Amino acid sequence: MSENHPHVLIFPYPAQGHMLPLLDFTHQLVNNGVAITILVTPKNLPILDPLLSRNPSIKNLVLPFPSHPSIPAGVENVKDLPANGFRSMMYNLGKLRDPILEWFRNHPSPPSAIISDMFLGFTHEIATQLGIRRYVFSTSGALALSVVYSLWREMPKRKDPNDENENFHFPNIPNSPKFPFWQLSPIYRSYVEGDPSSEFIRECYLANIASHGIVFNTFMELENVYLDHLMKDLGHNRVWSVGPVLPPGEDDVSGQSNRGGSSSVLASEILAWLDKCEDHSVVYVCFGSQAVLTNKQMEELAIALDKSGVKFILSAKRATKGHASNDYGVIPSWFEEKVAGRGLIVRDWSPQVLILKHQAIGAFLTHCGWNSTLESLIAGVPMLTWPMGADQFANANLLVDEHEVAIRACEGAQTVPNSDELANLLAEAVQGNNVEERRLRASELRKVAINGIKEGGNSFKDLAAFVKKLREEATKIETKFLGN
Ligand SMILES: O=c1ccn([C@@H]2O[C@H](COP(=O)(O)OP(=O)(O)O[C@H]3O[C@H](CO)[C@@H](O)[C@H](O)[C@H]3O)[C@@H](O)[C@H]2O)c(=O)[nH]1
């Protein structure tokens, strides 16, 4: 550790939608002179390869994955678990507390701060014990996190425990958002008073609120009012928005083609196919790294894509080990042949960032995961929203109601869309009456986002201010250490 190169422990949560942005942010920290140790369990080590090959100075801390009765042996990342795997993974990783403390105590020059994912709130207590700071890295936006913080602090309950549609209001948050119960965070909805893992998760959220500061993958112009709200709510201004954090070398096709996974169709083939399409004519369809459509949903989506007549790329995950039945992830057998030439099907994983940046893409049918949202915005691509869970309903509202860069297509993880309606929306998204206006607004937000991360922009300045803060902390700790 030194004043110029503060040493920081980075601890990402093992899910693609969480690791990718924190690893991209880690790359930026290294570029700004921060020395990094990054904590993973063995099976997640290969995900670090692109980061480590670009930044050989980064050190790893590999700790054994603790066992858990509901996580199959050999699984260490929630991408291999169904959606409800998030809770068990959060609880399980809490068992790394003692090994982390031991590692710190035996390290000759230990980190002077911890930056960890918002799902790893227990690291706040570790930092407190060690006399250092813990910073939350929020992979969600500021609106979504404001709602989640409010929930865990206030613990509102339904008046009628069987009413899934009961509305929950958040009058203290700007624009007074409200959501029916079923759209609230599933982690919150599954809280059971007195249950050890529920109580652990609640403590983690309260520890997030108590942590020294938050780094957001968002940008000021997108969420200004919610960032201001959080600062008031937390009672301090240690809130930095540094996004959108982009993957390093984002234009390098070979480097990006395997970002987070490997694609069933080569990136170069996908781009060559897009090259033959007219500008803004293709709808890209993808629901992130976790969601797997039910067979019924997939069938209606396939019918809709067929009926719509639009060109498209469909990126569709198959069922994982954790799915108990065969009712997930199957594409109807007639589909591929019927749409040949007009649609491209990519199984399991697609090079999303590269696809979205192609000028042939005209719209993105998305579940509104926060990374997909930002990747679409930075590419200037308007969206069709189909939020399914987590923070996605709040994200969809932000895109549709506040920034008017998206139209609603469907809602809910189990909802089966009507194929006629969806076909019309798909066509409207690339050929409809208001498409130019939406595209204009999306391209304006794109400009703002890009200017924000350039020298002098708001996100650029927040990154510099955060690194300065890390340096000051490191100096204080060093001085204390020398003084003892
Ligand atoms: O075929 C694919 C699928 C995904 N991705 C990438 O994987 C990430 C997916 O992240 P996101 O869009 O945020 O979706 P999820 O994987 O569902 O992310 C989880 O984590 C996010 C961050 O907290 C939340 O906003 C989401 O609601 C939550 O489901 C993005 O970078 C995508 O580019 C690909 O590159 N190819």
Side-chain angles (χ1 to χ4, degrees), residues 12-25 47 50 77-87 89-90 117-120 136-145 147-148 183-187 208 215-218 243-247 250 255-265 267 270 284-293 313-318 320 329 344-357 361 364-379 381 383 385-396 398-399 413:
Y13 178 80
Q16 303 289 59
H18 289 242
M19 286 191 86
L20 288 168
L22 184 46
L23 297 187
D24 292 343
F25 179 60
I47 302 177
N77 190 301
V78 286
K79 77 176 163 44
D80 300 317
L81 293 171
N84 60 10
F86 269 84
R87 288 183 83 230
M89 186 62 82
M90 282 171 88
D117 188 278
M118 62 194 202
F119 281 176
L120 301 169
V136 182
F137 183 78
S138 178
T139 55
S140 283
L143 162 59
L145 201 76
V147 172
V148 163
Q183 292 187 0
L184 299 180
S185 144
I187 298 177
N208 280 342
V215 178
F216 271 105
N217 184 19
T218 189
V245 288
L246 298 180
E250 42 152 355
Q256 290 307 317
S257 53
N258 290 330
R259 177 176 190 257
S262 52
S263 168
S264 65
V265 184
I270 299 175
Y284 170 59
V285 182
C286 182
F287 303 106
S289 67
Q290 292 293 135
V292 182
L293 295 193
I313 294 178
L314 169 62
S315 168
K317 267 175 70 81
R318 271 179 265 250
T320 62
L344 198 63
I345 298 164
V346 185
R347 291 309 322 237
D348 298 324
W349 196 257
S350 60
Q352 176 161 309
V353 171
L354 285 178
I355 292 175
L356 283 169
K357 284 181 64 176
I361 298 297
F364 179 15
L365 172 58
T366 171
H367 71 318
C368 306
W370 190 242
N371 300 289
S372 293
T373 298
L374 293 175
E375 288 161 11
S376 201
L377 289 176
I378 198 97
V381 174
M383 285 158 264
T385 64
W386 182 351
M388 298 186 178
D391 53 357
Q392 298 152 19
F393 296 97
N395 301 344
L398 186 75
L399 295 170

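Both backbone and side-chain heavy atoms feed into the values below; hydrogens, waters and symmetry mates do not. Note that the coordinates shown come from a computational prediction; the quantities given were computed from them, not determined experimentally. One is the number of the first residue; the rest follow in order along the sequence. Order of appearance sets the numbers: ligands from 1, and atoms from 1 within every ligand.
Across all their heavy atoms, Met90 and Ile187 have their closest contact at SD-CD1, 3.9 Å. For the residue pair Gln352 and Glu375, the shortest heavy atom distance occurs at NE2-OE1, 2.9 Å. Closest heavy-atom contact between Val292 and Arg318: CG2-O, 3.6 Å.
In this structure, the protein non-hydrogen atom closest to atom 35 (O) of ligand 1 is Ser350 O, 3.2 Å. The protein heavy-atom contact nearest to atom 14 (O) of ligand 1 is His367 NE2, 3.1 Å. If you check which protein heavy atom lies closest to atom 13 (O) of ligand 1, you get Asn371 ND2, 2.8 Å. Closest to atom 28 (C) of ligand 1 among all protein heavy atoms lies Gln392 NE2, 4.0 Å. Summary of contacts: the protein heavy atom closest to atom 12 (O) of ligand 1 is Ser372 OG, 2.5 Å. Trp349 CH2, 3.5 Å is the protein heavy atom nearest to atom 4 (C) of ligand 1. When only non-hydrogen protein atoms are considered, atom 23 (O) of ligand 1 lies nearest to Thr139 OG1, 2.7 Å. For atom 31 (O) of ligand 1, the nearest protein heavy atom (residue, atom name, distance) is Glu375 OE2, 2.6 Å.
Taking every heavy atom of Gly369 and a limit of under 4.0 angstrom, the matching atoms of ligand 1 come to 11 (P), 12 (O), 13 (O), 14 (O), 25 (O), 26 (C), 27 (O). Taking every heavy atom of Ser315 and a limit of under 4.0 angstrom, the matching atoms of ligand 1 come to 1 (O). Near Asp391, meaning under 4.0 Å from any of its heavy atoms, are these atoms of ligand 1: 24 (C), 25 (O), 26 (C), 27 (O).
Under 4.0 Å from ligand 1, the heavy atoms of Leu20 that appear belong solely to its side chain. Proximity of Ala390 to ligand 1, defined as any heavy-atom pair under 4.0 Å, is confined to the side chain (atoms from C-beta onward). At a heavy-atom cutoff of 4.0 Å, ligand 1 is contacted by no atom of Gln16, backbone or side chain.
In this structure a side-chain-to-backbone donor-acceptor pair under 3.5 Å is missing from Tyr13 to Met89. Listed for the Lys317 side chain is a donor-acceptor partner under 3.5 Å among the backbone atoms of Ser289. The backbone N or O of Ala316 sits less than 3.5 Å from a side-chain atom of Arg347, completing a donor-acceptor pair. At least one donor-acceptor pair under 3.5 Å links the side chain of Trp370 to the backbone N or O of Asn217.
Qualifying side-chain hydrogen bond (donor to acceptor under 3.5 Å, both in side chains) partners for Thr139, counting only residues two or more places apart in sequence or in other chains: His18.
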Test Asp391 against Val148 for side chain to side chain contact (heavy atoms under 4.5 Å, CB included), laying out the working first. CA-CA 8 Å; Asp391 53 357; Val148 163; over 6 Å; no

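Distances shorter than 4.0 angstrom do not occur between any heavy atom of Ala15 and any atom of ligand 1.
The CZ atom of Phe216 sits 4.5 Å away from atom OG of Ser138, with the distance rounded to the nearest 0.5 Å.
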